[in-house]
Q: 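One structure is given below, represented as structure tokens, and several questions about it will come after.
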Amino acid sequence: MQYLSTRGYAATSDSSVSFSEILLGGLAPDGGLFLPKTYPQVTPEELNRWRDLSYADLAFEVLRKFATDIPDADLQDITRKTYTAEVYKNARSDESAQAITPLRILKESGTHKLVLQALSNGPTLAFKDMAMQLLGNLFEYALTKKQAELNIFGATSGDTGSAAEYAMRGKKGIRVFMLSPHKKMSAFQTAQMFSLQDPNIFNIAVDGVFDDCQDMVKAVSNDLAFKTQQKIGTVNSINWARVVAQVVYYFRGYLSATSSNDQQVSFTVPSGNFGNICAGHIARMMGLPIAQLVVATNENDVLDEFFRTGVYRVRKSAETYHTTSPSMDISKASNFERFIYDLLDGDTARVKALFKKVETEGGFDLSGAVGSDGDEFKKIAHFGFTSGKSVHADRLQTIRQVEKEFGITVDTHTADGIKVALEHLRENVTMIVLETALPAKFNETIQEALGRDAARPAGFENIEALPQRFTVMDTDIAAMKSFIATHTGL
Ligand SMILES: *Cc1c(COP(=O)(O)O)cnc(C)c1O
């Protein structure tokens, strides 16, 4: 399996980039995102064979189509080490933990069926664990082979940073330096990250806001000499291995919800950076019988606007709202370029031009209107995409309704998904909503909606009382570099 960039790098037949080569990197050298030159296909026979596999072995079957340069035995060791009931133990029952991403039927009436697929039973109670846990093991494997080291440097306002730390803790050859805005995260999120005592995890609380943290990451990363010398890398949502790891649970969801391959399902995905649903798109391109891929956004509706109108218009910071589903508060969707590449039928020159236009003019227009950049909007339905939007009042109402009708408490992001899914139900097509976090993570809104606390999984009861390990720093680039260098010893 060979990879190319959405903007043309390595696109010719005599150039080759492998899975292992892009595993530890981020953007392609031309600023684009990596994709396979062609999507591997699944046959109906394979789907039948996969129906009864464990999650770990299904992950192995899907991944080996993409990671063709990792020996099968090694890859299977990695998936079996990653997807265990012990790692996904925050499920409601032992049986659910075994299933890794268990399904629960919410609503079944006549020909309509609504199902929840839990992706949030990992160590940080959010779906980012699904891919990040695999990445931790893949990174350790690749670095050990090369006898290399990697220092992950990033900024977080919550979910991504904690998922990365829990995936990389204790891993050989890896250190994590994670910046977060001092005293700006919820007590629960802070405790989750800062209570880690592993010597390879460094939590840095920056006296400032999240944007200050991100600016510091940019400033340090722009110093190429420092970056190379200190072996600095990232684990952001454009990482290809993260996307592929997410493809697996679309297969699992489909295979668990159906009994034969002539049945179709749809997925509704609470979306921000388009990483999660991009994996659904790839599963569909591989031949998984998905009817619709429904993008659910919150008040930050960049993606909903595109899927309704064909106009992609990124937002400025001042136009990006802080909402009660904060992990979907994005101003531009970093994985979106992968879908646009497919929508434009692999025309890398046009993809490059459109995303340059995002930089210079803040967006592009594929509506087909006079003066637009193209008319590909009319092909959206052919890719199964549709969308909807949910706001704070919808979240409260949906949390209450799901609690009352089905006796289940859902988190705010999942509530956005359910609200939008209900608007897209079709006869005889099971609708699967991806549950992207457990409610305990966003307790303030659960209190607002239900007047009580969300249940906490075992082991999290007193997390705020655990000893915390972190360093407070000013927004001082030189001091940051010296902190990193001191701790890497490089
Ligand atoms: C990251 C995240 C999302 C958004 O996923 P994308 O891949 O960025 O679209 C949704 N819900 C939760 C809880 C998340 O942590």
Side-chain angles (χ1 to χ4, degrees), residues 33 90 101 116-133 135 154 156-167 185-186 188-189 192-193 210 235-247 249-250 267-283 293-304 306-307 320 323-339 385 387-390 395 398-399 410-421 433-443 445-446 454:
L33 277 65
N90 295 312
T101 64
L116 209 54
Q117 183 177 8
L119 306 181
S120 43
N121 296 332
T124 74
L125 316 184
F127 96 94
K128 295 195 173 60
D129 290 328
M130 292 305 304
M132 208 70 94
Q133 286 290 319
L135 211 62
T156 189
S157 54
D159 285 352
T160 308
S162 57
E165 291 186 354
Y166 279 77
M185 292 189 297
S186 72
F188 184 89
Q189 281 182 317
Q192 246 190 335
M193 289 176 60
F210 173 64
V235 285
N236 47 28
S237 81
I238 56 145
N239 179 287
W240 170 249
R242 274 182 73 178
V243 176
V244 178
Q246 292 168 183
V247 171
Y249 52 71
Y250 287 87
F267 286 91
T268 300
V269 186
S271 292
N273 272 317
F274 204 76
N276 194 348
I277 202 160
C278 183
H281 163 68
I282 291 166
L293 287 163
V294 186
V295 180
T297 73
N298 64 17
E299 289 86 339
N300 296 293
D301 57 355
V302 193
L303 289 169
D304 180 45
F306 177 79
F307 286 105
T320 309
T323 75
T324 45
S325 42
S327 302
M328 292 154 65
D329 292 347
I330 57 101
S331 49
K332 63 175 167 195
S334 52
N335 273 289
F336 191 51
E337 188 168 331
R338 290 195 160 109
F339 171 65
F385 273 100
S387 71
K389 170 179 172 175
S390 160
R395 281 191 275 290
T398 305
I399 291 169
V410 291
D411 99 289
T412 49
H413 307 76
T414 308
D416 287 330
I418 293 172
K419 188 263 179 185
V420 173
V433 180
L434 299 184
E435 179 179 48
T436 55
L438 290 189
K441 271 201 114 158
F442 302 96
N443 190 46
T445 309
I446 301 302

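Read the numbers this way: they start at 1 and go in the same order the structure lists the ligands and their atoms. Just so we're clear, the structure is a prediction, and the values are computed from it rather than from any experiment. Note that the numbering runs from 1 along the sequence shown for the chain.
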Q: Check for me whether Ser237 has a heavy atom closer than 4.0 Å to any atom of ligand 1.
A: no

Q: Under a 4.0 angstrom heavy-atom cut-off, which atoms of ligand 1 come close to Ala437?
A: 13 (C)

Q: Please report which non-hydrogen protein atom sits nearest to atom 7 (O) of ligand 1, along with the residue it belongs to and the distance in Å to one decimal place.
A: Asn276 N, 2.9 Å

Q: Check each atom of ligand 1 against the heavy atoms of Met328 and keep those under 4.0 Å away; list them by number with element.
A: 10 (C)

Q: Among Phe274, Phe306, Phe336, whose ring pair (Phe, Tyr, Trp, His ring centres under 6.0 Å) with Phe385 holds?
A: Phe274

Q: Tell me the contacting part of Asn273 for ligand 1: side chain, backbone, both, or neither, using a 4.0 Å heavy-atom threshold, strictly below.
A: both

Q: Return yes if some donor-acceptor pair links the side-chain N/O of Ser271 with the main-chain N/O of Thr297 below 3.5 Å, else return no.
A: no

Q: Just by modelled atom types, is the Phe339 backbone N or O under 3.5 Å from a matching donor or acceptor in the His281 side chain?
A: no

Q: Are the side chain of Asp301 and the backbone of Asp304 linked by a donor-acceptor contact shorter than 3.5 Å?
A: no

Q: Hey, is Phe127 touching ligand 1 through its side chain, its backbone, both or neither, going by heavy atoms under 4.0 Å?
A: side chain

Q: Atom 14 (C) of ligand 1: which protein heavy atom is closest, and how many Å away?
A: Lys128 NZ, 2.9 Å

Q: Do ligand 1 and His413 have nitrogen or oxygen atoms that lie under 3.5 Å from each other?
A: no

Q: Please answer whether the main-chain N or O of Gly275 pairs with a side-chain N or O of Gln246 as donor and acceptor at a distance below 3.5 Å.
A: yes

Q: For ligand 1, which atoms have a heavy atom of Asp159 less than 4.0 angstrom away?
A: 13 (C), 14 (C), 15 (O)

Q: For atom 10 (C) of ligand 1, what is the closest protein heavy atom, and at what distance to 0.1 Å?
A: Pro270 O, 3.6 Å

Q: Give me the nearest non-hydrogen protein atom to atom 12 (C) of ligand 1 as residue plus atom name, then the distance to 0.1 Å.
A: Thr436 OG1, 3.5 Å

Q: If the cut-off is 4.0 Å to any non-hydrogen atom of Gly275, which atoms of ligand 1 fall inside it?
A: 6 (P), 7 (O), 9 (O)

Q: Do Arg338 and Val243 make a side-chain contact, defined as non-hydrogen atoms from C-beta onward lying under 4.5 Å apart?
A: yes

Q: Verify, without hydrogens or angle tests, whether Tyr166 (side chain) and Gln192 (backbone) share a donor-acceptor contact under 3.5 angstrom.
A: yes

Q: Could you identify the single nearest non-hydrogen protein atom to atom 9 (O) of ligand 1 and state the distance to 0.1 Å?
A: Gly272 N, 2.7 Å

Q: Backbone N or O of Thr323 within a donor-acceptor pair of the Asp329 side chain at under 3.5 Å?
A: yes

Q: Spell out, as yes or no, whether a donor-acceptor pair under 3.5 Å connects the side chain of Asn273 to the backbone of Asn335.
A: no

Q: Evaluate Ser271 for polar contact with ligand 1, using N/O atom pairs at a separation under 3.5 Å.
A: no

Q: Would you check whether Phe274 has a nitrogen or oxygen atom less than 3.5 angstrom from a nitrogen or oxygen atom of ligand 1?
A: yes

Q: Determine whether a donor-acceptor pair (N or O, by modelled atom type, separation under 3.5 Å) exists between the side chain of Lys441 and the backbone of Thr124.
A: yes

